Number of protein chains: 2
Amino acid sequence: MTNATQLRYYVHMHTQEEILAVWRSHTVRLTKTRTALAQLFAEARAPLSVPDIVRVLCLGGREVNKTTVYRELERMQNIGIIASVHLGDRRQYYELALNDHHHHLVCVRCERVEDIAVDEKNLLAQEARVSCEKNFTSVRHALEFFGVCKMCHSVTT
Amino acid sequence: MTNATQLRYYVHMHTQEEILAVWRSHTVRLTKTRTALAQLFAEARAPLSVPDIVRVLCLGGREVNKTTVYRELERMQNIGIIASVHLGDRRQYYELALNDHHHHLVCVRCERVEDIAVDEKNLLAQEARVSCEKNFTSVRHALEFFGVCKMCHSVTT
DNA sequence: GTCGTTGCAAAGACTTTGCATGTGA
DNA sequence: TCACATGCAAAGTCTTTGCAACGAC
């Protein structure tokens, strides 16, 4: 990431190499788009939307086509490299699925996203109960928290 | 609702009259759109998207304009009559906010939605903790469950 | 009659599809 | 080589905006 601007990055627990290894095990070609996406997700510190991805990569001088990105993300999701997340707006966001399961805290003003750890014992128990009571299979959950971050709060007050 | 098709309805705990009363207390005009929306939400048994609403009302012979619906829903949300819900797709859904807080179980195949009761003690505690730890105010949560309903499951297997 | 509401048309944001071209193994 | 991958253009879906016309009070 050169001057990737806006988005903040941090060293992730999964490297680009690890992601590329997953690709290889699925006998797909290692193209420049896949390499770029692997690096981006490895470094991203927040879920990414397609417009995000295209903007950041283009700013960094790696031209990518939005159609290709959409298609690639779908494949990555099918393989299990990434997972989609909904953060309250209409966009679809994606983040590494290789990480531990976690949830998000989103600032509804500036859209800043923080990862948070949540004790899931209770949730999983409810999942099991719901699955049983309602006769649903493969039940999973989506839990996100929304609020106003300190900075945004101090600006308004 | 005449032949409102596809969507399933049930007698809700809030009647059209109660919703109209909320309108009146906000000194707005009781137009045909507001009456139609009040009736629709009073009878809806699942969250509704704007395309849903327009389709259903037009099928029922009450022409409504999508722009008007978008604007009206925003006002209803501000007043607190309805609340928006995200159900995994890109659409925004709305449901009566006058009801008890509850969550949804969505079939990812047929999009059927069931309301479910969830023990929130734990969630609220986590909300408080997150709010404190991360310095966020006005924290709320969104929790939805996804799975495959019995019917869809039996079709595929 | 007023001013809140509405309807229409156009634009905008995100996503999907079809097809011809390009390229990694 | 050739099947997988890409890029472009066009279309699709949901949503927003601007503005003139309408209608509830």
Side-chain angles (χ1 to χ4, degrees), chain A residues 6-7 19-38 40 47-58 61-79 81-94 108 111, chain B residues 6-7 19-38 40 47-58 61-79 81-95 111:
Chain A
Q6 282 75 326
L7 300 174
I19 299 170
L20 293 179
V22 177
W23 271 138
R24 286 197 199 90
S25 72
H26 281 262
T27 50
V28 295
R29 297 173 185 169
L30 288 194
T31 63
K32 73 166 209 248
T33 306
R34 292 205 171 111
T35 311
L37 286 175
L40 187 52
L48 300 165
S49 68
V50 172
D52 283 344
I53 293 171
V54 172
R55 185 166 3 96
V56 169
L57 289 182
C58 286
R62 301 143 155 276
E63 295 299 320
V64 284
N65 183 274
K66 63 172 188 254
T67 305
T68 306
V69 172
Y70 276 110
R71 280 190 287 231
E72 214 45 53
L73 292 184
E74 198 188 340
R75 268 172 251 177
M76 292 173 80
Q77 194 177 5
N78 289 339
I79 290 182
I81 298 178
I82 58 177
S84 81
V85 193
H86 290 268
L87 298 182
D89 60 10
R90 206 149 21 77
R91 271 180 291 261
Q92 188 107 295
Y93 290 84
Y94 296 89
V108 295
E111 306 202 318
Chain B
Q6 282 77 328
L7 300 173
I19 299 171
L20 292 179
V22 178
W23 271 137
R24 287 198 198 88
S25 71
H26 281 262
T27 51
V28 295
R29 295 174 184 169
L30 288 193
T31 62
K32 73 165 208 245
T33 306
R34 292 204 171 110
T35 311
L37 285 175
L40 187 51
L48 300 165
S49 68
V50 171
D52 283 343
I53 293 170
V54 171
R55 187 167 0 98
V56 170
L57 289 182
C58 287
R62 301 145 156 274
E63 294 298 320
V64 285
N65 183 276
K66 63 171 187 256
T67 306
T68 305
V69 173
Y70 277 110
R71 280 190 288 232
E72 214 47 52
L73 292 184
E74 198 188 339
R75 269 172 251 178
M76 291 173 82
Q77 194 177 3
N78 289 339
I79 290 181
I81 298 178
I82 57 176
S84 82
V85 194
H86 289 267
L87 298 182
D89 60 8
R90 211 153 9 81
R91 271 181 291 261
Q92 188 107 295
Y93 290 83
Y94 297 89
E95 65 179 0
E111 306 202 319

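None of the values given here were measured: they were computed from a predicted structure. These numbers come from the heavy atoms of this one structure, side chains and all, not from hydrogens, waters or symmetry mates.
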A.B. asks: Whole-Å distance between D:dC14 P and A:H86 NE2?
C.D. replies: 15 Å

A.B. asks: Using whole Å, report how far CD of A:Q92 lies from P of D:dT15.
C.D. replies: 14 Å

A.B. asks: Provide the closest heavy-atom pair for B:R91 versus B:H86 in the form atom of the first, atom of the second, distance.
C.D. replies: O-ND1, 4.4 Å

A.B. asks: Would you kindly give the CD-to-P distance between B:E63 and D:dG23, to the nearest whole Å?
C.D. replies: 15 Å

A.B. asks: For A:R24, answer base if it contacts any base atom (sugar-phosphate contacts may also be present), sugar-phosphate if it contacts only those atoms, and nothing otherwise; contact means non-hydrogen atoms under 4.0 Å.
C.D. replies: nothing

A.B. asks: Assign each of B:Y93 and A:V28 to its nearest nucleotide of DNA chain D by heavy atoms, then name whichever residue's nucleotide is nearer the 5' end.
C.D. replies: A:V28

A.B. asks: Start at the 5' end of DNA chain D and walk down; is the nucleotide closest to A:R90 or to B:K32 reached first?
C.D. replies: A:R90

A.B. asks: Closest approach of A:R29 and A:R34, non-hydrogen atoms and distance?
C.D. replies: O-NH1, 2.7 Å

A.B. asks: Under 4.0 Å from any heavy atom of chain B: name the first and the last nucleotide of DNA chain C that qualifies, 5' to 3'.
C.D. replies: C:dC3 to C:dT15

A.B. asks: With distance as the sole criterion, do the side chain of B:R91 and the base of D:dC14 form a donor-acceptor contact below 3.5 Å?
C.D. replies: no

A.B. asks: Under the 3.5 Å rule, do the base of D:dA24 and the side chain of B:R34 count as making a donor-acceptor pair?
C.D. replies: no

A.B. asks: For A:R29 and D:dC2, what is the distance between atoms CZ and C1' respectively, to the nearest whole Å?
C.D. replies: 8 Å

A.B. asks: Between CG of A:D89 and CD of B:Q92, what distance do you get to the nearest 0.5 Å?
C.D. replies: 9.5 Å

A.B. asks: Looking at A:V64 and A:C58, what are the two nearest heavy atoms and their distance?
C.D. replies: N-SG, 4.1 Å

A.B. asks: Drop me the distance from A:Y94's OH to A:L48's CG, to the nearest 0.5 angstrom.
C.D. replies: 11.0 Å

A.B. asks: Looking at every non-hydrogen atom in both residues, tell me the closest pair between B:P47 and B:E95 and how far apart they are.
C.D. replies: CG-OE1, 3.7 Å

A.B. asks: Quick one: pull up CD1 in A:I82 and CG in A:L73 and give me the separation to the nearest 0.5 Å.
C.D. replies: 4.5 Å

A.B. asks: Heavy atoms only: give me the nearest A:I19-A:I81 pair and the separation to one decimal.
C.D. replies: CG2-CG2, 3.8 Å

A.B. asks: Grab the CG-P distance between B:L48 and D:dT15 for me, whole Å please.
C.D. replies: 13 Å

A.B. asks: With sugar-phosphate meaning primed atoms plus P, OP1 and OP2, does A:S49 contact a base, only sugar-phosphate, or nothing at under 4.0 Å between heavy atoms?
C.D. replies: nothing

A.B. asks: Evaluate B:R75 against B:E72 for salt bridge (charged side-chain N to carboxylate O under 4.0 Å, His left out), listing each step before the verdict.
C.D. replies: CA-CA 5 Å; B:R75 269 172 251 178; B:E72 214 47 52; 3.6 Å; yes

A.B. asks: Within this structure, what is the CG-to-C1' distance between B:L20 and D:dA24, rounded to whole angstrom?
C.D. replies: 15 Å

A.B. asks: Could you give the CG-to-C1' distance, from A:D89 to D:dT15, as a whole number of Å?
C.D. replies: 13 Å

A.B. asks: Please list, in numerical order, the residues of residues 66-76 of chain B that have a heavy atom closer than 4.0 Å to any atom of DNA chain C.
C.D. replies: B:T67, B:T68, B:R71, B:E72, B:R75

